[in-house]
2 protein chains.
Amino acid sequence: MNAYCAAVDWGTTSFRLWLLDAAGEILAERRSDEGMLAAGPEGFAAILDAHLSAVGAAADLPVIACGMVGARQGWVEAPYVETPATAASIAASACRVPGLERPVYILPGVAQRNASTPDVMRGEETQILGLPERPGGNGRDLVCMPGTHSKWVALEAGRIAGFATFITGDLFAAVAKHTILRHSVADPAAPFDRAGFADGFRAGLGSPAEATNRMFAIRAGGLLDVGAGGDGGSQLSGLVLGLEFAGARSRFGVTPAVTLVASGQLLDIYTVACELAGIEAVAADADAAVRRGLFAAAREILA
Amino acid sequence: MNAYCAAVDWGTTSFRLWLLDAAGEILAERRSDEGMLAAGPEGFAAILDAHLSAVGAAADLPVIACGMVGARQGWVEAPYVETPATAASIAASACRVPGLERPVYILPGVAQRNASTPDVMRGEETQILGLPERPGGNGRDLVCMPGTHSKWVALEAGRIAGFATFITGDLFAAVAKHTILRHSVADPAAPFDRAGFADGFRAGLGSPAEATNRMFAIRAGGLLDVGAGGDGGSQLSGLVLGLEFAGARSRFGVTPAVTLVASGQLLDIYTVACELAGIEAVAADADAAVRRGLFAAAREILA
């Protein structure tokens, strides 16, 4: 078997491994829910070995990993590199796990040590390294990575120039379950209401200052049977996404296009949001991006 | 005893009763935690009778009540009156509780049936009726009523012209306890950090679009040991209040002064917020306001 390295995306609650050849092609693949939380301080090496054995990896095959495995609470802390970050600065700061015969490198996250909006990422920087070149890119691109904590990343000549994390998904869940809006978002399985979503989105994007009033208005509209009507969850979802897009515009300026690193339902909902905001969305697959990013880092580290 | 009426402020979780003479002076007073939730559909009459007996009220003494006792889930629903609302329109829509010998009137709440920001209040309208005249008032006043759901009310020639509810306190609690910020707001008893509060407030007021990014920045600043530092709770509190003040400005314009219906810690924190926003705050006592408002309504209803 002509394996070149194993690429591992090791998050808080998930583990992905790809066995790659020297061209970055996939020879074998593993996935499980043995994330950082499941591993505990003792379990990282055992979990990794089990998956490497299962794909028949040689004892000296190098491993490149990214994600929360490199956090302070992870296996070995790989301290953040600073913005502006490049493929080279990230690869150069990879930490080799001590005490193992096998070379296992953990990639660092990226930190923005800016007094007004300090920010951190861990794992997303590797996806960024693996994004396909944007055809006709003008050297400055914006990437949107939706999630519990959505990240918007400004790329300048391929470097991570700056970024902003929005607690959109986390906020939605907290407001929907733990405020007065729990009475308006009673059914989490309610079908997506596009009109209500659009209404909330336009309010969040157009009048972000009124966001916490608009949240109450979702409840009051239901009580009075006026307003957008329909499912309060779709309105609230639109509102918090509108607020995120308003924030991205405030931070990075108006953008004609964005690379959307997402799949499934999140891709659908952010695609609708981009349409409403007049932004062209180009979807990129997160799994493919992180695999390519890990491979690119492996080439730098193992060269 | 020369009692004229009993005035009752009956909220979700609290009960207040004042026995008043014909000049509105207090003859006796009762308070308990037998709010709407504790009363249940059967218990309202029994609770009221017990307190009236305790102050020696005559069997035919009229009672004027306001608050959640008049909600759909309360004793008798007193349907909302519409904005613009006046003392006369509120008193004219009081509902007499059926089936009692004693005349018991429940005041309605106020609804704003506006498709973009529908809103409701129940209880606050009575406080508004009881606010002292503003010396030198120019006929248009703004009233801020802090709480779990803060209300800003625009008065024009004494009428409730419009209002906006912000879920500030509810949002603070949900974000502090149920998002990633729980790691940054670990100690609810941490002392108030004025610098952190001011930092958050200026961010919320000045850049409301970036609020959900700023929330994450509180967490990231703690991780990186940059930014405002100190207690994350004070920063978050400042941020959500700044967002509220930005929303009030967006809805009602820049105001030089506001009547602040609050006491205790809420009065302190909103007074700081007003200073930071360059707004003169004139404090008014909520208990005195609701008592005076109930008395004013009694004079209209019983005339």
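Since the structure is predicted, the reported quantities are computational estimates derived from the model, not experimental observations. Below, read A as the first sequence line, B as the second, and so on, with proteins coming before strands; counting in each chain starts at 1.
A/T212 approaches B/L171 most closely through the heavy-atom pair CG2-CD2, 3.6 Å. The heavy-atom pair separating A/T179 from B/A174 by the smallest distance is CG2-CB, 3.6 Å. For A/A209 against B/P208, the heavy-atom pair with the smallest separation is CA-CB, 3.6 Å. When all heavy atoms of A/P118 and B/G221 are compared, the closest pair comes out as CG-CA, 3.5 Å.
The structure places OG of A/S116 at 13.5 Å from CZ of B/R202, a figure rounded to the nearest 0.5 Å. Distance CD1/A/I180 to CG/B/D170: 6.5 Å, rounded to 0.5 Å.
Options A/L243, A/T165, A/I218 differ in how many heavy-atom pairs under 4.5 Å they form with chain B, and the most are formed by A/T165. Between chain B and the residues A/A111, A/G222, A/A211, A/A164, the largest count of heavy-atom pairs under 4.5 Å involves A/A164. The candidate with the highest count of non-hydrogen atom pairs below 4.5 Å against chain B, out of A/K177, A/E244, A/R249, A/M215, is A/M215. When each of A/A246, A/A173, A/A217 is scored by its heavy-atom pairs under 4.5 Å with chain B, the top score falls to A/A217.
Using bins of under 30°, 30° to 60° and over 60° for the plane-to-plane angle, the ring pair A/H178/B/H178 lands in the parallel bin.
Side chain of B/R113 to backbone of A/D225: no donor-acceptor contact under 3.5 angstrom is found. With hydrogens and angles ignored, the 3.5 Å screen pairs no side-chain donor or acceptor of B/N213 with any backbone N or O of A/T117.
At a 4.5 Å heavy-atom cutoff, A/F245 makes no contact with chain B through either its backbone or its side chain.
For A/W10, the side-chain hydrogen bond (donor to acceptor under 3.5 Å, both in side chains) criterion is met by no residue, not counting sequence neighbours. In this view, B/S250 and A/E210 satisfy the side-chain hydrogen bond (donor to acceptor under 3.5 Å, both in side chains) rule, not counting sequence neighbours.
In this structure, the side chains of A/L224 and B/V120 come closer than 4.5 Å at one or more pairs of heavy atoms.
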